[in-house]
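Accompanying notes for the structure given below.
Letters A, B, ... mirror the listed sequences (proteins, then strands); counts begin at 1. This structure is a prediction, so every number in the text was calculated from the model and none was measured.
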Amino acid sequence: MVMEKLMEDLKTQIVEQLNLQDVKPGDIGNDDPLFNEGLGLDSIDALELIVLLQQHYNIKLLNAEEGPKVFYSVRSMAEYITTHQKANP
Amino acid sequence: MYICGTGIISPQPSFGHGPFLEEMAEHRGEEMRCIEPEYKDLLDPKLIRRMSRIIRFGTAAAMDCLKEAGWNSTDAIITGTAYGCLEDTGVFLSRLVEFKEQMLTPTAFIQSTHNTIGAQIGLSLKCHSYNNTFVHRAFSFEHALLDAWMLFKEGQADNALVGAADEITGYSQAIIRRFGIYRKCESNFTLFEKGQKGTMAGEGASFFALQKQAGGKEYAKIDAIKTLLLENPAAGTMETEIQLFLSAHSVSITDLDLVLLGYNGDFSHDAALHHLASGMFEDSITSGFKQYCGEYPTSSAFALWMAANICKNNSLPSSMGGIGLEGFVRVLIYNVDLLGHHSLILVSSC
């Protein structure tokens with residue numbers, strides 16, 4: 001339930017932060033790829049998502065190589081947030 | 001330099017080459033904002049979401065200009081802007097304060113630089129040729145034109161996309177308003193009512209497809225450009241400068257069909273222009289242009305768009321009386337701002 005709520009929050013935050021004009025939070029599937037064939041995000045959006053994690057969840061992505069895995073989908077982002085919030089409550 | 005295409009987004013319904021200023025759009029208050037088209041049909045939707053208003057209307061005006069000229073690319077993209085991308089600058093600086101210089105988002109920073117419009121046009125066209133932006137206050141557009149002129153003279157380009165853009169934002173209005181420059185007008189129709197203090201702020205983007213040589217599609221020609229920085233010039237100075245400018249290009253005042261003067265509605269600013277209109281231009285048709293576009297540093301680009309279309313149509317627009325001009329048409333634009341930036345642009349029909 002907590003995970004579901006986190007994913008819904010993330011969808012709203014992604015739409016707002018990236019100004020996705022024709023996309024509603026409900027249009028984004030939990031497992032849809034965010035980059036390339038999915039929402040079609042690009043490298044500037046990746047930077048915006050890193051800032052989103054910092055601003056909303058106080059999580060710094062220190063290892064850039066983790067990026068593609070963390071930002072693959074809304075679910076992967078939510079799992080990363082959950083893991084890091086447990087590690088640094 | 002020959003004009004073979006224009007594109008403009010202004011406070012008038014000027015986008016898309018419809019009827020040329022048939023009716024003047026009315027604006028009330030202290031600002032005249034652009035009438036903007038639906039951008040989804042003109043720009044890549046993926047890019048639109050990152051673009052602030054000035055980038056949207058600047059890029060869309062440039063694309064419309066290229067469309068009229070029938071160009072897919074160009075030898076040079078030259079832009080003039082005095083204020084640059086103010087909205088994103090405001091967003092970036094606000095976040096800088098709000099987040100204590102931490103966690104700054106990249107988009108507002110990337111899009112806040114003055115050369116963003118020129119860069120977006122280049123990216124949209126995949127054009128890697130010369131790309132320069134001039135930020136010279138109220139000479140920004142004129143210097144962009146002069147740059148194209150020099151590129152042509154030096155043989156470095158045969159054509160160039162040259163334009164200007166400036167925007168009104170809440171931030172800029174709040175700051176500039178404190179100088180007492182603006183007044184709340186009942187309507188831009190009455191902007192030039194005598195004895196009033198203050199003007200209306202304006203904004204817009206105008207682009208021109210310029211060619212070094214005539215190619216058959218051109219409809220106007222820029223014969224000469226001159227800029228003069230003169231704060232409170234002595235009586236008679238501008239008359240002399242205008243005479244010198246015209247005679248250097250073998251033009252006399254009687255050759256001018258129309259003089260577009262940069263009246264902005266403020267009595268102290270306009271006094272010298274009224275003096276010219278009733279003096280050296282007594283026998284010419286004179287008109288203002290800021291009743292259409294408002295006062296902003298690159299407003300001479302709007303005047304050039306008007307002049308080019310008057311040359312194209314051989315007549316003044318209906319909203320200016322619709323007077324027909326016989327044969328070869330010659331228009332002088334004289335713009336001046338509050339800081340003493342005087343510019344002269346001589347335009348003729350082809």
Side-chain angles (χ1 to χ4, degrees), chain A residues 6 9-29 32-68 70-74 77 80-81 84-85 88, chain B residues 36-60 85-113 115-126 167 169-171:
Chain A
L6 177 56
D9 289 348
L10 271 173
K11 288 174 193 176
T12 305
Q13 288 153 2
I14 288 169
V15 169
E16 281 176 11
Q17 186 104 359
L18 306 184
N19 194 22
L20 300 175
Q21 292 173 341
D22 292 332
V23 179
K24 290 180 186 137
D27 298 339
I28 306 173
D32 289 351
L34 296 177
F35 289 81
N36 302 322
E37 76 271 26
L39 276 183
L41 305 186
D42 59 23
S43 57
I44 296 174
D45 296 314
L47 292 170
E48 293 279 0
L49 292 179
I50 290 169
V51 174
L52 186 153
L53 282 187
Q54 282 186 255
Q55 281 179 350
H56 293 276
Y57 302 98
N58 200 26
I59 294 172
K60 278 190 183 178
L61 188 76
L62 297 172
N63 184 0
E65 287 177 8
E66 285 184 303
V70 174
F71 297 122
Y72 178 77
S73 66
V74 170
M77 282 182 74
Y80 186 80
I81 292 165
H84 280 74
Q85 283 181 333
N88 304 294
Chain B
E36 297 179 65
E38 181 57 67
Y39 292 113
K40 282 180 188 166
D41 306 330
L42 307 163
L43 305 171
D44 181 347
K46 279 185 186 169
L47 294 176
I48 290 175
R49 70 184 165 92
R50 287 212 189 99
M51 291 179 171
S52 64
R53 227 163 47 84
I54 188 173
I55 304 170
R56 289 179 191 195
F57 65 62
T59 309
C85 301
L86 274 179
E87 190 63 51
D88 277 322
T89 302
V91 169
F92 178 70
L93 292 176
S94 299
R95 286 182 185 163
L96 201 70
V97 174
E98 189 182 344
F99 296 112
K100 299 186 170 58
E101 300 183 24
Q102 301 288 315
M103 298 181 287
L104 297 173
T105 56
T107 304
F109 172 67
I110 293 166
Q111 307 276 10
S112 67
T113 58
N115 59 357
T116 307
I117 301 157
Q120 280 294 355
I121 297 165
L123 283 168
S124 301
L125 296 175
K126 295 183 172 57
E167 69 174 330
T169 71
Y171 301 110

| message | Does any backbone or side-chain atom of A:L18 lie under 4.5 Å from a heavy atom of chain B? Answer side chain, backbone, both or neither. | response |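 Both parts, backbone and side chain.
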| field | Interchain contact, A:L20 with chain B, by part (heavy-atom threshold 4.5 Å) | value |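 Contact with chain B: backbone and side chain both.
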| said: How close do B:P106 and A:I44 get, counting heavy atoms only, and between which atoms? | reply: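 For B:P106 and A:I44, the tightest heavy-atom pair comes out as CG-O, 4.0 Å.
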| Which atoms of B:I110 approach chain A - backbone, side chain, both or neither, heavy atom under 4.5 Å |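 The answer is the side chain of B:I110.
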| With sequence neighbours excluded, what pairs up with B:Y171 under the ring pair (Phe, Tyr, Trp, His ring centres under 6.0 Å) test? |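 Partners of B:Y171 by the ring pair (Phe, Tyr, Trp, His ring centres under 6.0 Å) criterion come out as none, since no residue qualifies.
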How about the chain B/chain A donor-acceptor pairs under 3.5 Å, what are they, with distances?
residue: B:K40; atom: NZ; partner: A:D22; partner atom: OD1; Å: 3.4
residue: B:R49; atom: O; partner: A:N19; partner atom: ND2; Å: 2.7
residue: B:R49; atom: NH1; partner: A:L18; partner atom: O; Å: 3.0
residue: B:R49; atom: NH1; partner: A:D45; partner atom: OD1; Å: 3.1
residue: B:R49; atom: NH2; partner: A:D45; partner atom: OD1; Å: 3.4
residue: B:R49; atom: NH2; partner: A:D45; partner atom: OD2; Å: 2.7
residue: B:R50; atom: NH1; partner: A:D42; partner atom: OD2; Å: 3.3
residue: B:R50; atom: NH2; partner: A:D42; partner atom: OD1; Å: 2.5
residue: B:R50; atom: NH2; partner: A:D42; partner atom: OD2; Å: 3.1
residue: B:R50; atom: NH2; partner: A:D45; partner atom: OD1; Å: 3.0
residue: B:R50; atom: NH2; partner: A:D45; partner atom: OD2; Å: 3.0
residue: B:M103; atom: O; partner: A:Q55; partner atom: NE2; Å: 3.4
residue: B:T107; atom: N; partner: A:E48; partner atom: OE2; Å: 3.2
residue: B:T107; atom: OG1; partner: A:E48; partner atom: OE2; Å: 2.4

